[in-house]
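To start, the structure under review is shown below, and the notes come after it.
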Amino acid sequence: MNDKKENVAALLKKGILVSPDFVDEANSSIQSSEDLLVLSRESRQLLSRPGSVNWMEIEKVRAMHERGMADLPSLDDIAPAPAKLAGVEIINSYEITNQKTNVSHFTAYFSRRFHLLESLLRGRPELKNLTSVMRIGSSPSNVSIIGLVQDKIETKNKNIMLTVEDPTGQQRVILSRNRADLYREARDIVTDEVIGISGSCRDGVMFANAVVFPDIPSVDLKKSPEEEYLACMSDLHFGSKKFMADEFNRFISWTNMESGNAKQKRMAEKLKYILIAGDVVDGIGVYADQFSELSITDLKKQYDACARALSEIPERITIIISPGNHDAVRMAEPQPPLRNAFTESLAKLKNVLLVSNPAAVRIGAKENFPGFNCLLYHGYSFDHYVANVDSIRLNGGYDRADLIMNFLLKRRHLAPAHTSTLISPTPENDALFIDPVPDFFVAGHIHRTSISNYKATTLVNSSCWQSMTSFQERLGHNPQPARLPVINLKTRDASIINFNK
Ligand SMILES: [Fe+2]
Ligand SMILES: [Fe+2]
């Protein structure tokens with residue numbers, strides 16, 4: 001017993017906290033060891049088995065188990081997924097495959113991501129004399145490269161120095177603070193994003209004249225031949241004590257044309273689509289002390305309550321739902337559709353289509369009209385850009401969803417900085433690559449309401465249906481609940497109906 005106490009005390013002195021199973025089996029020689037690799041009993045058992053171990057998968061299952069979501073059966077046996085609902089086509093929606101993830105999948109994922117973004121930049125007129133990093137030395141002036149930003153630092157002279165890489169090598173690039181426009185763009189550059197750079201080379205360093213982003217093209221605003229309406233929602237948070245039931249009931253009664261002024265009733269009459277971009281329920285154990293803030297402490301019952309409320313919406317309206325970080329699926333993106341044992345009641349609604357996060361769907365297609373591409377993304381990566389991108393942080397931060405969404409569209413990626421969200425690599429098709437170009441980019445997560453335009457894309461950050469929680473207060477969020485962005489697809493006019501009164 002004393003040996004064990006001594007072992008623990010000696011290790012604590014070294015700043016090492018150990019688990020009980022380690023204490024049971026440790027011997028006195030451990031105190032004098034300099035290099036320690038501490039493995040749990042479970043890890044040692046796995047290592048002693050023949051064959052390789054998929055640690056990513058193990059961590060994922062452990063995390064799901066801790067959140068009470070292990071072994072979720074697919075709902076395909078309970079309620080088969082509708083292939084299509086009237087007027088809706090799924091462009092991209094991702095299921096979890098049984099493929100085990102290893103390092104090579106991340107390598108393939110990054111390679112795929114680079115080539116997808118590079119293909120958008122290749123052929124851009126701003127990138128004259130495009131060459132690879134390996135060949136840049138042979139044509140030092142007026143040259144362009146496309147690279148993934150591996151590192152970004154500020155030099156002693158307050159210039160910005162990037163290290164970019166392509167499949168042939170790495171190149172240092174200086175963006176001078178004396179070039180105001182260039183420097184403004186350079187300050188916002190994040191690691192892992194793929195950019196084009198033109199400039200000239202001296203002593204192995206490239207001096208940039210311009211930075212080119214993958215971006216979306218400028219095209220004409222698409223308009224439907226028919227007057228139909230699209231409503232955008234997110235962050236319902238059923239199950240939270242702060243869920244705004246009265247306001248949500250007013251929204252339901254509006255969809256049934258039982259409330260609102262004449263104009264609003266007409267909008268409800270012609271409402272065809274509702275997009276819900278995640279955080280359908282509040283979930284369980286999402287943040288510390290959440291349990292005391294729940295009115296429904298059973299995850300399945302949270303979804304049952306949501307399904308009961310959504311079933312009051314007329315069946316002629318198609319509801320498309322993608323998950324968010326509070327929902328009963330894995331955290332890593334792409335998050336699969338909400339089709340599991342917890343969400344059964346939601347999946348059974350006839351007018352509900354469940355898609356992944358992110359997902360792309362086409363709505364409103366007619367005989368001579370191709371329809372609108374809608375990108376749904378909950379917005380988990382947004383927090384990173386609010387904290388780390390100067391032009392967003394210094395111009396309103398969480399109050400400026402439009403700046404965040406612009407930033408991502410310009411980079412054609414929902415998480416250009418790899419650490420901005422949790423990613424499960426999809427080597428064949430980067431799920432976070434923005435393609436096709438959306439007509440509507442619908443997001444949530446930050447519980448603010450905004451509608452803006454970038455080129456021919458309408459950016460909608462949906463409201464929430466939950467008043468401020470202690471968690472949001474700590475994060476400095478300032479929610480704008482119970483507001484509903486509604487868009488006339490014939491005119492592309494947007495309005496916000498306020499149910500919070
Ligand atoms: Fe939320
Ligand atoms: Fe969220």
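In this text, all values refer to a predicted model and were calculated from it rather than measured experimentally. First listed ligand is number 1; within each ligand, the first listed atom is number 1.
Legend: protein N/O/S atoms lying under 2.8 Å from the Fe ion (ligand 2), waters omitted, number 4.
Within a 6.0 Å sphere centred on OH of Tyr380, heavy atoms belonging to other residues, nucleotides or ligands number 12 at most.
Annotation for Arg483 and Asn498: closest pair CG-OD1, 3.8 Å, computed over non-hydrogen atoms. What you find for Val88 and Ile320 is that their closest heavy atoms are CG1-CD1, 3.8 Å.
The minimum distance between the Fe ion (ligand 1) and any N, O or S atom of His237 involves atom NE2.
With respect to the salt-bridge test (charged N to carboxylate O, under 4.0 angstrom), the residues Arg308 and Asp304 do not qualify.
Between Phe248 and Phe251, the ring center distance clears the sub-6.0 Å criterion.
Checking Arg113, Arg112, His105 one by one against Tyr109, the side chain to side chain contact (heavy atoms under 4.5 Å, CB included) holds for a single residue, Arg113.
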